[in-house]
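Here the structure comes first, spelled out in structure tokens, and everything after it is commentary.
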Amino acid sequence: MSEEILINITPMETRVALVENGVLQEVHIERTLRRGIVGNIYKGKVVRVLPGMQAAFVDIGLERAAFIHASEISEREGAAVEPISALVHEGKALVVQVTKDPIGTKGARLTTHLSIPSRYLVYMPRTPHVGISLKIEDEAERERLKQIVADCVEQESIEESGGFILRTAAESARAEDILVDIRYVRRLWLQITQQMGSAPAPSVIYEDLPLALRTLRDLANPRLEKVRIDSRETYQKVEQFVQELMPGVEELLEHYPGERPIFDLYSVEDEIQKAMDRRVMLKSGGHLVIDQTEAMTTIDVNTGAFVGHRNLEETIFKTNLEAATAIARQLRLRNLGGIIIIDFIDMEDEEHQRQVQRTLEKQLERDHAKTNIIGITELGLIQMTRKRTRESLEQVLCEPCPCCNGRGIQKTPETICYEIFREILREARAYQAGAYMVLGSQAVIDRLLDEESGNVADLELFIERPIKFQVETMYTQEQYDVVLM
């Protein structure tokens with residue numbers, strides 16, 4: 001398994017692509033006027049306390065107030081969390097960190113449990129605990145890492161309470177590299193604490209790294225073979241960053257000066273366009289249908305043109321296995337989060353069901369976002385969750401269609417014609433007019449003059465007024481006006 005990171009820079013936008021074995025797996029986009037704020041630390045002011053929800057709204061200087069739950073303020077856990085009214089009050093200043101970007105109509109999500117990430121670890125200045133990533137399974141390695149952190153804390157004479165979580169990237173890391181990380185996050189924390197007292201509320205105390213640097217910090221691993229950057233200025237910034245924090249990675253950096261856009265070279269642009277489609281074709285001839293709603297994402301698996309070679313059960317099993325691999329990739333590529341329901345094709349064999357679920361779990365192991373497969377429901381649906389911190393690719397790149405307002409469907413010309421007939425009848429009863437002019441789209445007017453011409457003649461006879469028609473090329477299919485003349 002080999003990985004490459006491609007970084008495409010324009011004055012307005014930074015785009016990062018993660019390519020595994022020549023196949024695009026992840027895309028991250030950050031725009032100058034719309035930067036993500038996950039990881040940023042703010043000094044905010046409580047503007048509203050909601051005792052019934054055990055939560056509060058905090059002004060951190062954004063367009064919408066951010067949201068914080070009592071459990072993200074309290075030092076206790078579970079049912080022991082204190083009432084929100086005992087923790088904060090309106091007007092109280094609060095140092096908070098963003099855990100979720102504002103998405104749709106929802107404000108940012110906050111916590112007071114601050115954390116500062118580096119390459120190998122996450123520093124938690126207010127939580128005295130040392131943890132190890134669950135993806136590091138070797139018990140001896142886990143103990144080695146715990147001992148390294150304990151030795152580093154003793155060597156640096158860190159007396160105040162604080163803890164560390166060793167990230168997956170820390171597996172097999174040298175003690176001196178982990179020490180470099182500890183010194184880096186401690187320097188950052190010192191700068192943050194100095195600003196906490198003097199900063200007004202609301203204001204930014206600490207901003208997370210820009211996308212190009214953040215991606216390297218979070219995605220660099222032993223499988224990474226090359227980091228290609230198409231901007232000389234960004235290349236120099238990245239080079240300086242890795243020399244300070246990620247020694248050994250600088251030899252993987254490469255400035256790409258080519259005439260052809262770097263994303264075109266690796267077919268990334270084509271894959272991004274495909275990621276906008278509801279339908280994802282499988283090599284076998286089957287396909288997925290992916291629908292994002294506000295509450296959840298649903299994925300439907302269909303056999304399509306795949307008929308197999310042996311029997312129906314074998315055909316279904318093979319399609320589902322291929323779909324499981326494709327779904328894991330689509331979740332990463334589209335950055336789908338929250339509740340996800342997958343409707344695999346029904347399988348009679350329980351062993352086949354288990355193998356499909358295991359395949360999905362195996363493919364999701366490479367996902368950097370936290371995932372949790374809850375299991376198969378009585379209806380044969382797989383329920384899972386994927387941690388959502390930033391907007392999905394669709395939310396970043398798209399907006400609801402102005403023609404259908406996001407429904408994804410529109411009324412037929414026939415339906416619009418009958419709406420127009422009803423509108424003319426309403427107008428005829430309410431007002432006295434010499435004639436009526438109908439303004440509509442080409443498809444609707446064509447139908448009124450052709451298939452519905454008999455109905456138009458009957459209506460003219462009934463209201464005793466002539467009806468005229470005019471095409472408005474700028475109208476959508478559902479738009480029309482009835483003008484009194």
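We use all heavy atoms of the structure for the numbers below, so side chains are in, but hydrogens, waters and symmetry mates are not.
- Summarising the local packing, NZ of K45 is surrounded by 12 or fewer heavy atoms from other residues, nucleotides or ligands at distances under 6.0 Å.
- Across every non-hydrogen atom of D367 and T371, the tightest pair is OD2-CG2, 3.8 Å.
- Looking only at side-chain heavy atoms (C-beta outward), E414 and E452 come within less than 4.5 Å of each other.
- Between the CD atom in Q25 and the CD atom in Q330 there is a gap of 9.5 Å [rounded to 0.5 Å].
- Distance OG/S74 to NE2/H113: 7.0 Å, rounded to 0.5 Å.
- Using a 4.0 Å cut-off between a side-chain N of Lys or Arg and a carboxylate O of Asp or Glu, R358 and E351 qualify as a salt bridge.
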- Apply side-chain contact (heavy atoms from CB on, under 4.5 Å) to M384 and L364, showing your working. CA-CA 11 Å; M384 64 170 289; L364 288 172; 3.7 Å; yes
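- Other residues, nucleotides and ligands place no more than 12 heavy atoms under 6.0 Å from the NZ atom of K283.
- Among all heavy-atom pairs drawn from N40 and D208, the shortest one is OD1-N, 2.8 Å.
- Counting heavy atoms from C-beta on, the side chains of Q477 and C403 never come closer than 4.5 Å.
- Side chain of S267 to backbone of D270: no donor-acceptor contact under 3.5 angstrom is found.
- Here the straight-line distance linking atom CG of L459 with atom CD1 of I467 works out to 4.0 Å at 0.5 Å rounding.
- V46 and A56 get closest at one heavy-atom pair: CG1-CB, 4.2 Å.
- Between H368 and T168 there is no side-chain heavy-atom pair separated by less than 4.5 Å.
- The list of salt bridge (Lys or Arg N to Asp or Glu O under 4.0 Å) pairs with a residue in residues 475-485, not counting sequence neighbours, reads R407-E478.
- Aromatic ring orientation, H255 versus Y235: tilted (interplanar angle from 30° to 60°).
- Y436 pairs with exactly one of E423, E427, K468 by the side-chain contact (heavy atoms from CB on, under 4.5 Å) rule, that one being E427.
- Side-chain atoms of Q97 come within 3.5 Å of backbone N or O of G39 as a donor-acceptor pair.
- Between N405 and P400, every side-chain heavy-atom pair lies at or beyond the 4.5 Å cut-off.
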- Query: Which is it for Y475 and L439 under the side-chain contact (heavy atoms from CB on, under 4.5 Å) test, yes or no, and what are the steps along the way?
  - Reply: CA-CA 9 Å; Y475 276 23; L439 310 178; 4.1 Å; yes
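- Enclosure of atom CD in E294 is not indicated, since only 12 or fewer non-hydrogen atoms of other residues, nucleotides or ligands lie within 6.0 angstrom.
- We find the CD-OG1 distance between E322 and T359 to be 12.0 Å, quoted to the nearest 0.5 Å.
- No donor-acceptor pair closer than 3.5 Å links the side chain of R386 to the backbone N or O of A369.
- Between R329 and Q363, every side-chain heavy-atom pair lies at or beyond the 4.5 Å cut-off.
- Checked against T111 for a side chain to side chain donor-acceptor pair (under 3.5 Å), the options K100, E72, H69 give a single hit: E72.
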- Check step by step if side-chain contact (heavy atoms from CB on, under 4.5 Å) holds for R15 and V268. CA-CA 11 Å; R15 300 188 301 170; V268 172; over 6 Å; no
- Query: When you look at L110 and Y42, which way does the side-chain contact (heavy atoms from CB on, under 4.5 Å) test go after all the steps?
  - Reply: CA-CA 10 Å; L110 306 175; Y42 294 83; 5.6 Å; no
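- Residues N21 and S2 have side chains that bring a donor and an acceptor to within less than 3.5 angstrom of each other.
- Formation of a donor-acceptor pair under 3.5 Å by the K43 side chain with backbone atoms of M196 is found in this model.
- Residue R64 places its CZ atom among more than 12 non-hydrogen atoms of other residues, nucleotides or ligands, all under 6.0 Å distant.
- Listed for the K362 side chain is no donor-acceptor partner under 3.5 Å among the backbone atoms of T325.
- N8 places no side-chain N or O within 3.5 Å of a backbone atom of D230 that could act as its donor or acceptor partner.
- Listed by first and then second residue, the salt bridge (Lys or Arg N to Asp or Glu O under 4.0 Å) pairs that reach into residues 18-32 are E13-R31, E20-R332, E20-R366, E26-R332, E30-R35, E30-R214, sequence neighbours excluded.
- Residues H352 and F344 have side chains not in contact (no heavy-atom distance under 4.5 Å, counting atoms from C-beta outward).
- Although no hydrogens or angles enter the test, the distance criterion places no donor-acceptor pair under 3.5 Å between the side chain of N302 and the main chain of G286.
- Minimum interatomic distance between D264 and E269 (heavy atoms only, all atoms of both residues): OD1-CG, 3.0 Å.
- A salt bridge links K274 to E271: one of the charged nitrogens lies within less than 4.0 Å of a carboxylate oxygen.
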- Go through the steps to decide whether R334 and E394 satisfy the test salt bridge (charged side-chain N to carboxylate O under 4.0 Å, His left out), and finish with yes or no. CA-CA 7 Å; R334 298 172 187 238; E394 181 181 287; 5.6 Å; no
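- Across Q54 and I84, no two heavy atoms sit closer than the pair OE1-N, 2.6 Å.
- With hydrogens and angles disregarded, a donor-acceptor distance shorter than 3.5 Å links the side chain of T99 to the backbone of R109.
- In this structure the side chain of V95 never reaches within 4.5 angstrom of the side chain of T112, judged on heavy atoms.
- Within a 6.0 Å sphere centred on CE of M276, other residues, nucleotides and ligands contribute more than 12 heavy atoms.
- In this structure, CD in E313 is found 6.0 Å from CD in E348, a value given to the nearest 0.5 Å.
- No side-chain heavy atom of I376 sits under 4.5 Å from any side-chain heavy atom of M347.
- Atom CG of D291 and atom CG of D300 lie 8.5 Å apart (nearest 0.5 Å).
- Closest heavy-atom contact between G61 and D59: N-OD1, 2.9 Å.
- With hydrogens and angles ignored, the 3.5 Å screen pairs no side-chain donor or acceptor of Q353 with any backbone N or O of D346.
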